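Structure, as structure tokens:
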Amino acid sequence: MHDIKWIREQPADFVAALSRRGGDSEDAKMRADLLVKKLQGLDEQRRAAVTSLENLLSRRNAASKEIGQAKAAKDDARAQELMAEVAKIKEQLPDLEHEVRTVEAMLDDALSNIPNAPLSEVPLGDGEAGNVEREDHRFGTPRTYGFTPRQHFEIGEALGQMDFEKAARMSGARFVVNMGPLARLERALGQFFLDTHTAEHGYMEVNPPILVRDEAMYGTAQLPKFENDQFPTFRTEDFDHALAQAQENVAEQVAALIGQGIDPKSALEKSNLAAQVRKAQIGNRLWLVPTAEVPLTNLVRESILSEEELPLRLTALTQCFRAEAGAAGRDTRGMIRQHQFTKVEMVSVTTPEASSDELERMLSCAEAVLKKLDLPFRVMTLCTGDMGFGSRKTYDIEVWLPGQNAYREISSCSVCGDFQARRMNARYRPKADKTPRFVHTLNGSGVAVGRALVAVLENYQQENGTVAVPDALAPYMGGLKVIEKLS
RNA sequence: GGAGAGGUGGCAGAGUGGUUGAAUGCACCGCACUCGAAAUGCGGCAUGGGUGCAAGCCCAUCGGGGGUUCAAAUCCCUCCCUCUCCGCCA
């Protein structure tokens, strides 16, 4: 969420930042320009409506106070006169209130659908091709094999410990079941990442809910103000029950209003029917988190931290769920792109001054676990057009996969500035200054466990089809050195 | 799932229709005292929005939404959350 004041006062900066997201094309500039005009129009409309509404309320409040005084002074005539005036004011209120509410909702909706502004140093580009490899962050050299390296699913299936068909029978495409030593290897990776971040990098381990409400998804900008059907994650449903409940509630409320002497028609209008219907639509449904970024970051929602608590560094090992709606046909074979996968996530909450350095630190934490596993990788700075909605700057770590003969994303570290903090109302109180400021938030994978399993299988595979266990994982594998076909 | 009690500022905790944006305590900030500190005394201290060059003024906010009233932290409805008891359960 952007600050409307920023857009009001520095519209040129805003247009420039937004245009860069679109690769600075003429088209992008034009669209940003149009958007600013729309936002400024709404903002002016809003302020005008608020001002007239507040003037009316102000007069009403003053008159009400006077009524109290007049009554105390037993001046009934004056009281009657003032009550008549207030009655007149109250006739004008509903329309103005409605206008304020409508315009505010439109502005809010427009603002919450605008992506974050890229930092100035982020390379310009409008797609994956514009990403730039980071100097001095390449690690390791792809090994040479005396045979043609196989892909991870060929290895796993041949070992008899990775089965896509069994998974498909119960859950459909994009699910997998790992068994035996391979299942343990995946668990070992998760444990190893978590232990490293807590013991060596100062993160606190958190075991958060992975089913969350709309507000939490909105807070981390997974969700705009209202969800749309393209949104790539899953949710639970509870529609029938919620609808029945809502009907019951509305009926009760209307009955109560009629009991107060209000005619049935306006009673129905006055019952919070709209809210009830909305409630029914939402029901008790919850979202399955696409990443632990959501619950970890929402840990600070609606709170004011003290500066001493910052930076807050949190890590979690969780399941993640993604619908992958926009990825039809991509990575259909294997474990690269699944509806359900395990990931270790890191989240940092910092002061505005510290967030840029924190991004570098977070990147190095993610790199550290790959180095311990001796997996070759490179680091890409994502260009303006390839970054996620809420990010100001993103590094992707791409791990080498000999079976695919390609570098593939295994971690993504982003700094979001105050973008998520605004949406969550997450602030801190600076030592020097008493008014709270929005915190900055960062998130990064440390790293994706499913993809790490893929990388280990492909990098540590041997000609006879077995897989060597990386030294760093030995303590987690109960002494197992090699993963072989089960007898 | 059933019954009951609650939700007030950074924290604790008063406040059941009228000048209460909210007593008091703690925390925090400034000043005084002190070589310094503690203790003590005095003063300050909510957030968001509108308006104004500014000082300031105005509006909203006592879990969220709606209603009653000239006027709501206070009365009514509803949702959410917390706690206690019962039931069920990993």
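These figures come from a predicted structure and were not determined experimentally. Just so we're on the same page: letters track the sequence lines, and every chain starts at 1.
- Listed candidates were B:rU51, B:rG18, B:rG49. Nearest to the side chain of A:Lys5 is B:rG49.
- Looking only at side-chain heavy atoms (C-beta outward), A:Ser445 and A:Ile410 stay at 4.5 Å or farther from each other.
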Identify the pairs formed between an N or O of the protein and an N or O of nucleotides 19-23 of chain B at a distance under 3.5 Å, and give each distance.
none

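- Residue-to-nucleotide proximity on RNA chain B shows that, of A:Ile304 and A:Pro436, the 5′-proximal contact is made by A:Ile304.
- For B:rG66, the OP1/OP2 oxygens have a side-chain nitrogen or oxygen of A:Arg101 closer than 4.0 Å.
- In this structure, A:Arg78 pairs ionically with A:Glu81, as a charged nitrogen and a carboxylate oxygen lie closer than 4.0 Å.
- Whole-Å rounding puts the A:Arg46 CZ to B:rU51 C1' distance at 13 Å.
- Between A:Arg59 and A:Val50, the residue whose closest nucleotide on RNA chain B is further toward the 5' end is A:Val50.
- Between A:Leu56 atom CG and B:rC70 atom C1' the separation is 15 Å, expressed in whole Å.
- Taking the ring centroids of A:Phe419 and A:His440, they lie at or beyond the 6.0 Å cut-off.
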Please write out the pairs of protein N or O atoms and N or O atoms of nucleotides 56-58 of chain B separated by less than 3.5 Å, giving the distance to one decimal.
| residue | atom | partner | partner atom | Å |
| --- | --- | --- | --- | --- |
| B:rC58 | O3' | A:Ser58 | OG | 3.1 |

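- For A:Ser355 (side chain) and A:Thr350 (main-chain N/O), no donor-acceptor pair under 3.5 Å exists by modelled atom type.
- Across all strands, A:Arg437 comes closer than 4.0 Å to no nucleic acid atom at all (heavy-atom distances).
- Ionic pairing of A:Glu353 and A:Arg437 is present here: one or more N-O contacts between side-chain nitrogen and carboxylate oxygen are shorter than 4.0 angstrom.
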Query raised in the report: Reading RNA chain B 5' to 3', how would its secondary structure be written in dot-bracket notation, given Watson-Crick and G-U pairs with both distances under 3.5 Å, brackets [ ] for crossing pairs and | for partners on other strands?
Result: ((((((((.[[[..)..(.....]]].(((((.......))))).((((((....)))))).[[[[[..)....]]]]])))))))....
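- Residue A:Thr441 holds its OG1 atom at 12.5 Å from CZ of A:Arg301, rounded to the nearest 0.5 Å.
- For the residue pair A:Glu99 and A:Thr102, no side-chain donor N or O sits within less than 3.5 Å of a side-chain acceptor on the partner.
- For B:rU8 and B:rG63, the P atoms lie 6 Å apart once the distance is rounded to whole Å.
- Rounding to whole angstrom units, CD of residue A:Glu97 and C1' of B:rC59 are separated by 12 Å.
- Between B:rC62 and B:rA12, the distance separating the two C1' atoms is 15 Å to the nearest Å.
- Each of B:rA71, B:rG48, B:rG50 was ranked by its minimum atom distance to the side chain of A:Arg427; first place goes to B:rG48.
- Atom C1' of B:rA72 sits at a distance of 14 Å from the matching atom of B:rG66, rounded to the whole Å.
- Between A:Arg422 atom CZ and B:rU47 atom P the separation is 16 Å, expressed in whole Å.
- Per the geometry, CD belonging to A:Glu309 stands 14 Å off C1' belonging to B:rA27, to the nearest Å.
- Look at CE on A:Met83: it is 9 Å from C1' on B:rU69, rounded to the nearest Å.
- Comparing the same atom, P, in B:rC81 and in B:rA27 gives a spacing of 35 Å after rounding to whole Å.
- A salt bridge does not link A:Glu324 to A:Arg322: none of the charged side-chain nitrogens sits closer than 4.0 Å to a carboxylate oxygen.
- Across the protein-nucleic acid pair, A:Glu302 atom CD and B:rC81 atom P stand 13 Å apart, rounded to whole Å.
- A cation-pi geometry, defined here as NZ or CZ lying under 6.0 Å from the six-membered ring centre and within 45° of its normal, holds between A:Arg423 and A:Tyr218.
- When heavy atoms are screened at a 4.0 angstrom cut-off, A:Ser306 is found touching no nucleic acid atom at all.
- In the displayed structure, A:Glu165 atom CD is contacted under 6.0 Å by at most 12 heavy atoms of other residues, nucleotides or ligands.
- B:rG65 and B:rC80: their C1' atoms are spaced 10 Å apart (whole Å).
- At a threshold of 4.0 Å, the pair A:Asp43-A:Arg47 counts as salt-bridged, since one of the basic side-chain nitrogens sits closer than that to a carboxylate oxygen.
- A distance of 8.5 Å separates CG in A:Asn116 from CZ in A:Phe389, rounded to the nearest 0.5 Å.
- Rounded to whole Å, the C1' atom of B:rG17 lies 31 Å from the corresponding atom of B:rC26.
- For B:rC70, the OP1/OP2 oxygens have no side-chain nitrogen or oxygen of A:Lys88 closer than 4.0 Å.
- Taking only side-chain nitrogens and oxygens, A:Arg429 never comes nearer than 4.0 Å to OP1 or OP2 of B:rC28.
- Of the candidates B:rG49, B:rC81, B:rG18, B:rC81 carries the atom nearest the A:Arg213 side chain, counting heavy atoms from C-beta on.
- Contacts of A:Leu82 with the nucleic acid, taken as non-hydrogen atoms under 4.0 Å apart, are absent.
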Query raised in the report: Would A:Lys29 and A:Asp33 satisfy salt bridge (charged side-chain N to carboxylate O under 4.0 Å, His left out), going step by step from the backbone distance to the final call?
Result: CA-CA 6 Å; A:Lys29 283 180 195 169; A:Asp33 232 29; over 6 Å; no
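- Atom C1' of B:rU20 sits at a distance of 9 Å from the matching atom of B:rA73, rounded to the whole Å.
- Regarding A:Arg60, its CZ atom lies at a distance of 10 Å from the C1' atom of B:rC59, rounded to whole Å.
- For the P atom pair drawn from B:rC76 and B:rU69, the interatomic distance equals 16 Å after rounding to whole Å.
- Checking A:Ser348 against A:Glu358 by side-chain atom types alone, a donor-acceptor pair falls below 3.5 Å.
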